[in-house]
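As a basis for the values below, the full set of heavy atoms in this structure was taken, side chains included, without hydrogen atoms, waters or symmetry mates.
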Amino acid sequence: RLEGSRLRNLATGGFLNSRGHAYLRGHSNSGPPWTPAYSAEESSLIGLRAVPDSLLAAAGPLAARPLNSSLPDALLTAQPLNSSMPDALLAAAGPLDAQPPNSSVHAVRRLSGGFEGSTRSYTFLSVDFHIATARDVGHTLRELGHAFLDKSLSGACARRHTCADAKELPVLTQQTGFTLCPRPHALRRAAFEALRASPLLAQTDAVVCSHPAALCEVWLPFNKSILLIVTANLELARENSQRWAAWLRTIVAMSKAPRVVVAANNRYDQAYVRHFTGVRPLYLPTLANYVSARYSARPHKPFLFARSHHRIARTLLREVRALAPGLRVASVEEAYRGNAASGGYELAQLASHPGVVFVPYTKSTMTFFELYRMAVPLFVPSVSLLTQWELSARVLTERVYWKHAPSPLRRPRSANPNAVGDKAALEHWIPKSDPYVFPHVQYFDSAADLAHKLRSTDLRAVSTLMARYSAEQASTVQAKWSSVVHRLFRGLPHGSFSADQS
């Protein structure tokens with residue numbers, strides 16, 4: 001929005017500006033005043049009512065740019081419909097969105113070297129303790145044309161054939177890598193000396209840290225770009241006041257570094273990081289594009305109750321059976337012996353059921369993303385019901401890791417996310433969980449309400465809406481991933497950052 005001679009960034013509350021021969025830059029209300037924009041958000045089109053002369057002057061003469069230029073140093077601007085625009089700009093921008101005749105907004109394509117259509121390929125290294133999150137990140141990066149080295153330290157790595165080789169990844173093991181204890185600083189130094197000249201690091205351009213996010217501390221001295229994706233509570237593996245405070249300071253420093261992106265795969269953890277650090281991570285939701293199955297309900301298949309970690313889900317199943325004797329319902333344990341990891345069922349089999357009742361045990365799970373990607377209708381307790389269950393029975397058994405996690409860097413304005421018996425805090429944080437952020441999820445307020453909705457919901461219509469949203473989201477998130485890659489490498493070629501230069 002134009003305010004005088006300044007452009008207000010409605011997303012951050014700050015202002016947009018440009019330096020001569022520089023990218024469009026955002027001045028936010030927090031953090032350093034001049035940071036390059038690194039997220040594409042919803043689209044690559046921007047519409048502005050007018051352009052201050054100072055911005056046009058800073059951008060330089062656009063018409064002088066060659067038609068095949070990616071315009072990395074230019075600020076592409078929008079002008080009113082009745083103004084003349086340089087032919088070079090129109091050609092480079094491509095077809096413009098049609099606007100109503102009375103509209104003063106003119107949309108132009110935002111071009112920036114490296115955001116779209118980049119032909120450069122990079123190699124990402126993941127050393128993680130969660131096979132599912134690594135699988136999703138790896139699949140997304142490979143779809144974008146990059147290489148992904150998955151060297152898992154998870155106890156479940158054999159299921160995906162991604163276990164790290166001790167010869168290839170010395171020092172870091174399943175026993176030491178999670179907390180780095182008992183001597184974390186010594187272990188980090190040992191890892192650096194053992195890996196800095198290794199073939200594994202020589203081919204790596206960037207390291208992905210996720211579960212636990214704090215494993216990023218190991219990779220700080222290697223001169224590699226770093227993508228930190230928070231997928232679980234930030235204090236995981238750092239439940240110690242001294243190390244927790246140091247980790248929080250490290251995140252703040254990383255957020256200001258030029259070749260680091262701090263992200264979260266869910267809104268809850270995005271807000272959680274901001275609560276403790278003041279840093280707002282990029283929202284980079286899990287796509288689960290590796291799931292190829294799609295909803296195809298078969299006759300006589302029961303509604304499934306997803307695996308839960310609490311007795312309330314089993315009680316709910318019994319109540320629905322009593323209320324609706326003719327309704328086919330079953331727990332996933334009853335329908336399939338064993339879980340997905342042990343070969344009990346394939347995801348495609350879940351897609352053949354009419355719907356899934358999902359009682360959350362934490363704020364974000366890969367199962368939810370996978371079911372949503374398949375467009376399986378989901379039935380979830382309403383925020384009020386889940387809050388009631390959490391207050392009375394702690395149904396969210398894995399929501400809180402460290403109940404008394406301190407906040408040494410700042411005095412947060414938001415309610416304590418780790419409060420257990422605080423209704424106001426729960427009502428603030430539970431809606432940030434995935435089932436309440438994604439649209440077209442069906443909510444129930446009681447067992448009777450659930451039984452009614454299982455009978456009456458137009459399942460095919462709901463699935464269609466879910467599939468449509470997934471497709472739209474995939475396009476948006478892939479654009480975000482392209483911008484992440486740009487932020488990490490600035491268009492420099494593979495191999496530009498050697499650990500020997502650390």
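Atom-to-atom distance recorded for C216:SG and I226:CD1 is 5.0 Å, nearest 0.5 angstrom. Annotation: the span from L396 atom CG to W389 atom CH2 amounts to 10.5 Å, rounded to 0.5 Å. From S198, atom OG reaches atom CG of L169 across 8.0 Å, with rounding to the nearest 0.5 Å. Here T176 contributes atom OG1 and L187 contributes atom CG; the two are 5.0 Å apart, rounded to the nearest 0.5 Å. L386 CG to L426 CG: the interatomic distance, rounded to the nearest 0.5 Å, is 8.5 Å. Atoms CD and CE, from E217 and M254 in turn, are 9.0 Å apart once rounded to the nearest 0.5 Å.
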Subject >> L488/F124 under side-chain contact (heavy atoms from CB on, under 4.5 Å): CA gap, chis, key distance, verdict >> reply: CA-CA 11 Å; L488 292 175; F124 291 77; 3.7 Å; yes
**OP:** Give the C-alpha distance, both sets of side-chain angles, the deciding distance and a yes or no for side-chain contact (heavy atoms from CB on, under 4.5 Å) between S225 and F497.
**Re:** CA-CA 8 Å; S225 299; F497 309 110; 4.2 Å; yes
**OP:** Give the intermediate values and the outcome of side-chain contact (heavy atoms from CB on, under 4.5 Å) for residues V376 and F358.
**Re:** CA-CA 11 Å; V376 177; F358 189 85; over 6 Å; no
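Looking at F379, Y295, Y336 one by one, the single match for ring-ring contact (aromatic ring centres under 6.0 Å, His included) with H353 turns out to be Y336.
H309 and Y361 have parallel rings, their planes meeting at less than 30° on a 0 to 90° scale where 60° marks the start of perpendicular. Between Y272 and F276, the ring planes lie tilted relative to each other; the angle falls in the 30° to 60° range. Y436 and Y443 have parallel rings, their planes meeting at less than 30° on a 0 to 90° scale where 60° marks the start of perpendicular.
Under the 3.5 Å distance criterion, with hydrogens and angles disregarded, a donor-acceptor pair is assigned to the side chains of H494 and D205. Side-chain N/O atoms of T397 and H310 include no donor and acceptor closer than 3.5 Å. In this structure, a donor-acceptor pair under 3.5 Å is absent between the side chains of R238 and N233. A side-chain donor-acceptor contact under 3.5 Å links N265 and T286.
With hydrogens and angles disregarded, a donor-acceptor distance shorter than 3.5 Å links the side chain of E239 to the backbone of A237. With W219 contributing its side chain and K224 its backbone, the two residues share no donor-acceptor pair below 3.5 Å. W244 places no side-chain N or O within donor-acceptor distance of the main-chain N or O of P408, the cut-off being under 3.5 Å. With hydrogens and angles disregarded, a donor-acceptor distance shorter than 3.5 Å links the side chain of Q349 to the backbone of E346. For Q442 (side chain) and H440 (main-chain N/O), a donor-acceptor pair under 3.5 Å exists by modelled atom type. In this structure a side-chain-to-backbone donor-acceptor pair under 3.5 Å is missing from R399 to R394. Without hydrogens or angle criteria, R490 side chain to P258 main chain gives a donor-acceptor distance under 3.5 Å. Judged by distance alone, with hydrogens and angles left aside, the side-chain atoms of T277 form a donor-acceptor pair with the main-chain N or O of V273 at under 3.5 Å. Between the D128 side chain and the H211 main chain, a donor and an acceptor come within less than 3.5 Å of each other. Using a distance-only test at 3.5 Å, with no hydrogens or angles considered, a donor-acceptor pair links the side chain of R243 to the main chain of T179.
Annotation for R468: atom CZ does not count as buried by contact number, only 12 or fewer foreign heavy atoms lying within 6.0 Å. Atom CZ of R410 is surrounded by more than 12 heavy atoms from other residues, nucleotides or ligands within 6.0 Å.
Residues H275 and S407 come closest through the heavy atom pair O-OG, 4.4 Å. Looking at every heavy atom in both residues, L385 comes nearest to F444 through CD2-O, 3.7 Å. The two residues T204 and V207 come nearest to each other via the heavy atoms CG2-CG2, 4.2 Å. The nearest pair of heavy atoms linking W429 to N416 is NE1-C, 3.8 Å. Of all heavy-atom pairs spanning L236 and A232, the tightest one is CD2-CB, 4.3 Å.
Between R373 and R294, some side-chain heavy-atom pair lies under the 4.5 Å cut-off.
Among pairs with a residue in residues 350-368, those fulfilling salt bridge (charged side-chain N to carboxylate O under 4.0 Å, His left out) read D269-K363, at least two apart in sequence or across chains. Residue pairs satisfying the salt bridge (charged side-chain N to carboxylate O under 4.0 Å, His left out) criterion with at least one member in residues 166-176, sequence neighbours excluded, are listed as follows: K151-E168.
Taking the centre and axis of the six-membered ring of F489, the NZ or CZ atom of R120 falls outside the cone set by 45° and 6.0 Å.
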